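Presented below is the structure to which this report refers.
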There are 2 protein chains.
Amino acid sequence: MIKYEMIANKIRERIQKGEYAEDTLIPDQVTLSKEFGVSRMTVKKAMDILAMEGLIFRKRGSGTYVKKNALLNSSDSNAMEYEGLTKQLSGYKVEGKAISFNVEFPDEKIREALQLEKNDPVYNIVRLRLVDGKPYVIEHTYFPTALVPGLTEEILNKSVYEFIHQNLGLSFGGAYRKIQAVKPSEYDKKYLACQENDPVLEVEQIVHLEDGTPFEYSRSRNRYDTRSYTIVDIQRRQK
Amino acid sequence: MIKYEMIANKIRERIQKGEYAEDTLIPDQVTLSKEFGVSRMTVKKAMDILAMEGLIFRKRGSGTYVKKNALLNSSDSNAMEYEGLTKQLSGYKVEGKAISFNVEFPDEKIREALQLEKNDPVYNIVRLRLVDGKPYVIEHTYFPTALVPGLTEEILNKSVYEFIHQNLGLSFGGAYRKIQAVKPSEYDKKYLACQENDPVLEVEQIVHLEDGTPFEYSRSRNRYDTRSYTIVDIQRRQK
DNA sequence: AAGTGGTCTAGACCACGTT
DNA sequence: ACGTGGTCTAGACCACTTG
């Protein structure tokens with residue numbers, strides 16, 4: 001439907017198929033605008049997308065080039081993901097198990113993270129995820145009850161995010177994350193089967209709605225030997 | 001000079017000063033285009049920048065709003081930074097100390113990360129950073145010698161990145177990072193003064209040039225109690 | 001000098017929310 | 001019905017690189 005998106009898709013496909021080889025020029029914007037029967041502005045907008053994805057780079061006066069290793073880096077723009085054995089996880093059995101599900105008044109730290117008043121309650125959920133029967137991560141999650149009315153344990157087992165999007169009509173606007181190495185707690189030792197001197201990778205996260213309202217605070221505590229956090233950081237603005 | 005950038009700067013300033021309050025509408029694009037004497041397309045491009053920075057969000061048919069907590073999240077778009085005591089580090093003495101500086105043939109892993117051939121040499125640099133006399137991080141860094149001809153220990157103590165930009169005329173195009181919690185090595189225990197069961201936060205990083213050439217491979221090993229990694233992730237494309 | 005990508009315009013139509 | 005932001009055009013000028 002949207003022209004610049006369709007053009008971006010086609011060019012991306014050509015790069016992936018090798019029709020536009022890495023480290024070479026692709027046709028200039030005027031040529032492409034004639035090929036696709038659109039204005040040059042529309043072609044440029046398509047190119048902006050591919051540049052944000054890290055597939056191409058442009059030199060004024062020179063032309064538009066396919067990056068070396070475009071295919072390696074071609075994961076979604078600014079994608080961030082956990083990686084571990086999760087990578088080749090297709091054949092494994094992934095389980096989620098709720099350890100606890102309560103409503104409570106949060107402590108000061110969580111109140112500040114979620115921008116709540118003194119008497120605003122939150123859901124406090126602790127879940128353990130196992131892969132192939134082995135523990136992987138414990139997630140401690142807090143939602144303001146006011147934002148997710150009618151949350152049940154059943155919904156938790158499906159997708160809270162889908163529920164919010166479908167039933168409440170809300171969208172996400174980003175997240176703040178903090179990653180640390182920490183020593184295992186008693187909780188970690190019990191559920192993650194950590195040894196005393198096994199480190200734990202903790203990802204602390206505040207997720208926001210589109211309008212900036214804090215919506216979820218969570219801490220994921222990951223076994224050090226099975227999970228890592230990866231970031232693809234693409235330079236967006238040249239000076 | 002560039003109009004849409006100047007307009008973005010002015011609007012950003014108004015948000016920061018509270019002239020456009022959080023969680024309220026700002027003037028529509030037609031009004032703003034009249035105020036600044038530009039076309040609406042130019043105003044929209046300015047708004048695109050502020051949306052990427054997480055300061056505003058837009059609803060078709062409704063208008064453009066300042067996000068809640070715009071000022072909190074207003075750190076540079078997609079900024080990533082180490083944080084720790086580094087936060088309030090203005091008053092402290094930061095030192096860097098080179099532990100070793102060699103040229104060698106890299107092992108397979110580094111050869112793959114830097115996309116090198118069998119006989120391409122690299123600089124192998126190990127540096128320790130101290131704050132207020134206490135060890136903070138050990139950085140193991142590898143550069144292909146072919147990309148940084150004439151690197152000296154003196155340049156290392158200033159800024160390698162500036163040297164590359166100034167003297168070699170090269171620009172950066174992004175990075176790939178992987179963050180893990182690991183157990184301390186003998187090296188860590190010796191230089192970071194880690195105890196046997198202190199975890200270490202390792203940041204593995206491949207930095208690329210603008211054209212996609214891998215340029216630096218490094219591993220930073222951080223004391224767990226003084227450093228963490230933070231990420232601001234802003235949603236860019238709504239579906 | 002020619003060709004490239006970056007910016008900007010004035011106007012048009014559309015999709016969507018609000019009224 | 002009206003106002004909003006999103007897309008798109010045809011053409012213009014500029015900054016820059018390359019021959």
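Per chain, numbering begins at 1; letters A, B, ... match sequence-line order. Every value quoted in this text rests on a predicted model; they were computed, and no experiment measured them.
- At least one side-chain nitrogen or oxygen of K3(B) sits closer than 4.0 Å to the OP1 or OP2 atom of dT9(C).
- Contacts between residues 23-40 of chain B and DNA chain D, counted as heavy-atom distances below 4.0 Å, involve D28(B), Q29(B), R40(B).
- Contact between the side-chain N/O atoms of T42(B) and the OP1/OP2 oxygens of dT9(C) is found at a separation under 4.0 Å.
- The backbone N or O of V38(A) sits nowhere less than 3.5 Å from a side-chain atom of T42(A) that would complete a donor-acceptor pair.
- Out of dG6(C), dC8(D), dC8(C), the shortest distance to the side chain of M41(B) is found at dC8(D).
- The closest donor-acceptor contact from the side chain of D120(B) to the backbone of L116(B) lies at 3.5 Å or more, if one exists at all.
- When the C1' atom of dT9(C) is taken as reference, atom CD1 of I2(B) falls 16 Å away, rounded to whole Å.
- Side-chain nitrogen and oxygen atoms of Y4(A) include at least one within less than 4.0 Å of the OP1 or OP2 phosphate oxygen of dT7(D).
- Close to dG6(C), at under 4.0 Å from its OP1 or OP2, lies no side-chain N or O of K45(B).
- Taking atom OH of Y65(A) as the reference point, atom C1' of dG5(C) lies 11 Å away to the nearest angstrom.
- OP1 or OP2 of dT4(D) has not a single side-chain nitrogen or oxygen of R58(B) nearer than 4.0 Å.
- When the nucleotides dT9(C), dC8(D), dT18(C) are ranked by their closest atom to the side chain of S62(B), dT18(C) comes out on top.
- Pairing each heavy atom of L201(A) with each of Q180(B), the nearest pair is CD1-C, 3.9 Å.
- With dT7(D), dT7(C), dG6(D) as the choices, the nucleotide that has an atom nearest any side-chain atom of R60(B) turns out to be dG6(D).
- To the nearest angstrom, P of dT9(D) lies 15 Å from NZ of K44(A).
- Between the CD atom of E5(A) and the C1' atom of dG6(D) there is a distance of 12 Å, rounded to whole Å.
- Checking R219(A), R221(A), R177(A), K109(A) one by one against E204(A), the salt bridge (charged side-chain N to carboxylate O under 4.0 Å, His left out) holds for a single residue, K109(A).
- Ring centroids of F143(A) and Y217(A) are separated by 6.0 Å or more, keeping the two rings apart.
- Taking 4.0 Å as the cut-off between side-chain N and carboxylate O, E53(A) and R12(A) count as a salt-bridged pair.
- In this structure, CZ of F57(B) is placed 12 Å from P of dG5(D), rounded to the nearest angstrom.
- Checked by atom type and distance alone, the side chain of D23(B) never pairs as donor or acceptor with a backbone atom of K68(B) at under 3.5 Å.
- Projected onto DNA chain D by closest heavy-atom contact, T64(B) and M1(B) fall at different nucleotides, the more 5' of which corresponds to T64(B).
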